[in-house]
Amino acid sequence: MSGKELPKAYEPKSVEEKWYGFWAERNYFHADETAGGEPFSIVIPPPNVTGSLHIGHALNSTLQDILVRWMRMSGRNTLWVPGTDHAGIATQNVVERQLAKDNIDRHAVGRDKFVAKVWEWKKEYGGRIINQLKRMGASCDWERERFTMDEGLSRAVREVFVTLYEEGLIYRGERLINWCPRCHTALSDIEVEHEDEKGKLYHIAYPLSHDHNIRLTVATTRPETMLGDTAVAVHPLDPRYKDLIGKTVDLPLTNRKVPIIGDSILVDLEFGTGAVKVTPAHDFNDYEAGQRQKPELPRIKILNDKAEILPDIPDVLPEVLKQVAGRPAKKARGMVVELLNEQGLLIKTDEHAHAVGKCYRCKSVVEPYLSPQWFVKTGPLAGPAIKVVEDGRVQFFPKGWENTYYDWMRNIKDWCISRQIWWGHRIPAWFCDDCGAITVSRTDVTTCARCAGKNIRQETDVLDTWFSSALWPFSTLGWPDQTKELAVYYPTSVLVTSFDIIFFWVARMIMMGLHFRREAPFRHVYIHALVRDAEGQKMSKSKGNVIDPLVMIDQYGTDAFRFTLTAFAAQGRDIKLAPERIEGYRNFANKIWNASRFVMMNLDDEFTPNSELITPNSSLADGWILSRLNSVTKDVQAALADYRFNDAASALYHFIWHEYCDWYLELSKPALIGDLGAAPRKATQTVLAHVLETALRLMHPIMPFITEEIWQNLPEEVRSQKSEVRKESIMVSAYPVADEKMINAGIEQDMKMVMDLILAIRNIRGEMNIAPSMQITVIVKVENKELGEHLEKSGGYAKTLARIKELRIGVSEEKPKNTATAVIRGAEVYVPLEGILDLTQERDRLQKEIAKISKDIEVFSKKLSNKNFVDKAPKEVVEKDTAKLEEFKAKRDKLEQSLMMLG
RNA sequence: GGGCGGAUAGCUCAGCUGGGAGAGCACAGCCCUUACAAGGCUGGGGUCACAGGUUCGAUCCCUGUUCCGCCCACCA
């Protein structure tokens, strides 16, 4: 016994720091675009600079790292581009909050200074999430780290904006958009979250102009907007009202007359009163209804950009205006209702639940708001982006997500890309105060393109954050320059992300990639589970299921955490991970650690492997574990290729723990102790080390740190790598490929018989309460000579693993008295226990066994007595089941005999 | 109002294209056997939400029901 000394338990912390530094130092993360080789590339979904690593990032980066490490080891020219997103509104909010602590408003600071402050903030805190990704073990090419607002990416943004503008795919116009009164900016449709809220449905009477005794009752959830009503709509086929179309009502609280119009789209005959107030400036439906009228209905704004009532709404009675002006909409609502009530115009108030739109960043209620904005005309971009998925050039995993993608893309609306905030890519457009023309330019301009006037000012709006993210797969590779990186690594191989940003990001990347690179930005889209409420304190905290990745890493180690996430990757949409499970995989890491200690303790100092000994011929156990190793290698490769991460993880888990450790390590002990001779010892040492070393390489993508630590401790000769570079680190070693010739069903079958024998004896020992320290005699009566010889040859295994002092095997062995009996395939096993055997216990045990097997017999008899089954089921199935039934019956007969002999 | 997903052991979750139900933790018994007590061995525990249907055969496919979650949508 010698070899290296390792601590008794795996200690992750120091190991992780050491090796991550080692890899970085050796530049293994860096991809060389000139190196040749088949490329494999991934761009990271850039986390927000404001972000802090939550379990979603942890899962996302782990899966990418697995793919990247796997491909890198497989010899591909592998690049993983990291970076962060400037996250316009989110980041601006963070810095604003910081200022608010000192009671400072950003307007007091001024735009330039504020933006400078955000940059400062970014410099100080923006690297946080990057460092956290490093702790996860992410093997990104950090030299290529990008930021959506760095110089190169900003150039890409401009190029795209200007090109789309020139192509007529970007336009500016006054439209009704979603407005966040808190963030003071427009939002795109998908940035609005709808939440059901309890509200009230107010029924209000509008008197007809020509006869105040006739009143039209409208129903509304937002009575305050009536100050901006410019019509009342009814269904043109409604017998109650259709004759009123064309007449007018006197709008209460104002001296405005508004027409009664017919609109079959806006008005639902079944709902409310059948009459609808129309406020085109503050409601999307009403806006469209207004456009359908000829001439179009006027649009009267009643709210400012803070969602407060304007002081100068046309036609509103001065005394009313005086009261409500400057009030927030919600407050004004109560006042308007009160005023109407005083005039007897409030008919009734019903409870009513309806969806309210909220800002996805700050959760404020979003107002439909009329304002000039910039839009991308998405129709022409969406067509090709749909096609590329339809014809399989882009594939989603799991495929089901393609429908989600289609649904949205086929109903896509123009994308509002302007934001009235300060942090972001400022729109490269200049307004001329002389001639009113708009100049859009790749470079900053000082004169109007039309009139050459100098009286121009740049648009103050910035672009939606997602505009720059949409370019990420090619902007990070140097576009618009035609770089070598771009040529080699675009399109990327796979995008790994969660489903919540299929619309925000995936769809837009595909559109932009196709438009500007004529090729979709990735071939595969792997959609993994999503972690909800990672920062949404309400739900998680009350449920108590918040899991902080960094705490988990500290507690259990990165590898255990990564392995847990990998085992998790199959599941559906929600993640509710129990920490105990991570603990389980921490134990797994420790298991690997100790198995490695065992192996190294059993290698001699001068041990050198002989690759010719890596063969099934030396012993049953060796042949068996080699067969299993190659079988698992095959499974893991196949699983990873299909993005079945959990299958890869569980295959490895089962192999290492339950086959290599539980069986092979135990089976190897007799040979290692050495009383079998030098040759078997050497052969076993070789296989033992070979399997461990191969398993480590198989595991490395999932558990990078512990595998490196152990691998580096193995004798150099065991780490049989062909190139010098590959010998340096497991990270750059070769990923195992299965050797089909090693997979041998016959050997696995033979091994199974030995295992069955051992299990049967252990069962007897356990159930009969035979002390583990007691060595016993076992007699095996085999059905035929071949089996006998086989067991004879491998009897040493059973002796060690079942603690047998004497093992007798033969066709003519007889059952002694006072014997516990077990039946395995092809043999009966007797454990005689002179004087000690408790007949009652043995009877119970046998009865339990018989009951169990009887159940099986019942099931199979029933099945096989069914003529339809015998006729129609596949022949193999019938044959297999018939054989099983026979075996079961034979086993039961033998067990029953034994029971009877007990008396 | 549409669409999607889930319901499997006490808990957290696997189970690929239909042929005798799995893991981790928890539980019971026996063991500190010189790799590992973060361990070993043995064992208990599930009418796979409910009701129909297709099939020789359904946890798996179809229909419906109940409960939970999500996405989309302009019901005033």
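Chain naming here is simple, since letters A, B, ... match the order of the sequence lines and numbering starts at 1 in each.
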Check: [Y] main-chain N/O paired with [X] side-chain donor or acceptor under 3.5 Å:
X        : Y        : result
A/Arg765 : A/Ala802 : yes
A/Asn602 : A/Phe598 : yes
A/Glu402 : A/Phe396 : yes
A/Asn590 : A/Ala9   : no

Could you check whether [X] gets within reach of a base, just the sugar-phosphate, or nothing at all, counting any heavy atom under 4.0 Å?
X        : result
A/Glu666 : base
A/Val859 : nothing
A/Lys862 : nothing
A/Asp268 : base
A/Tyr660 : nothing
A/Leu665 : base
A/Ile265 : nothing

Between [atom2] of [N] and [atom1] of [X], the distance in whole Å:
X        : N      : atom1 : atom2 : answer
A/Trp408 : B/rG2  : CH2   : C1'   : 19 Å
A/Met768 : B/rC30 : CE    : C1'   : 14 Å
A/Phe499 : B/rG3  : CZ    : P     : 19 Å
A/Lys855 : B/rA21 : NZ    : P     : 12 Å
A/Asn411 : B/rG2  : CG    : P     : 16 Å
A/Ile412 : B/rC72 : CD1   : P     : 14 Å
A/Arg581 : B/rG22 : CZ    : P     : 17 Å
A/Arg644 : B/rA14 : CZ    : P     : 16 Å

Roughly how many Å apart are B/rG39 and B/rA21, using the C1' atom of each and rounding to a whole number?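 It works out to 28 Å between them.
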Taking only the C1' atom of each, what is the distance from B/rU17 to B/rC13 in whole angstrom? 23 Å
May I ask you to decide if the ring planes of [X] and [Y] are parallel, tilted or perpendicular, using 30° and 60° as cut-offs?
X        : Y        : value
A/Tyr526 : A/Phe645 : perpendicular
A/His354 : A/His352 : parallel
A/His654 : A/His658 : tilted

Nearest to the side chain of [X], heavy atoms from C-beta on, is which of [options]?
X        : options                : result
A/Cys661 : B/rA35, B/rC71, B/rG24 : B/rA35
A/Pro772 : B/rC41, B/rC30, B/rA76 : B/rC30
A/Glu767 : B/rA76, B/rG19, B/rU42 : B/rU42
A/Arg597 : B/rC36, B/rC41, B/rA38 : B/rC36
A/Lys591 : B/rU12, B/rC25, B/rA35 : B/rA35
A/Phe860 : B/rG20, B/rA76, B/rC41 : B/rG20
A/His658 : B/rG24, B/rC74, B/rA35 : B/rG24
A/Arg586 : B/rC72, B/rA38, B/rU33 : B/rA38
A/Lys852 : B/rC25, B/rG44, B/rA35 : B/rG44
A/Lys884 : B/rC74, B/rG20, B/rC75 : B/rG20

Which nucleotide, in any strand shown, forms a Watson-Crick or G-U wobble pair with [N], with both distances under 3.5 Å?
N      : answer
B/rG69 : B/rC4
B/rG64 : B/rC50
B/rU12 : B/rA23
B/rG39 : B/rC31
B/rA58 : none

Within less than 4.0 Å of OP1 or OP2 of [N], is there a side-chain N or O belonging to [X]?
X        : N      : value
A/Trp657 : B/rA35 : no
A/Lys8   : B/rC36 : yes
A/His352 : B/rA76 : yes
A/Asn587 : B/rC36 : no
A/Asn866 : B/rG57 : no

Side-chain donor-acceptor pair under 3.5 Å between A/Glu193 and A/Tyr360, yes or no? no
First encountered from the 5' end of RNA chain B, between A/Arg762 and A/Tyr10: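 It is A/Tyr10, whose closest nucleotide lies nearer the 5' terminus.
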At their closest point, which heavy atom of A/Trp415 faces which heavy atom of A/Ser188, and how far apart are they? CD1-CB, 4.1 Å
Using a cut-off of strictly less than 4.0 Å between a heavy atom of the residue and any atom of RNA chain B, enumerate the qualifying residues of residues 868-876 of chain A by number.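 Going residue by residue through residues 868-876 of chain A, the ones with a heavy atom under 4.0 Å of RNA chain B turn out to be A/Asn868, A/Phe869, A/Lys872, A/Ala873, A/Pro874.
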Inspect the contact between A/Glu367 and A/Arg222 and indicate whether a charged nitrogen and a carboxylate oxygen are less than 4.0 angstrom apart.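 Salt bridge present between A/Arg222 and A/Glu367.
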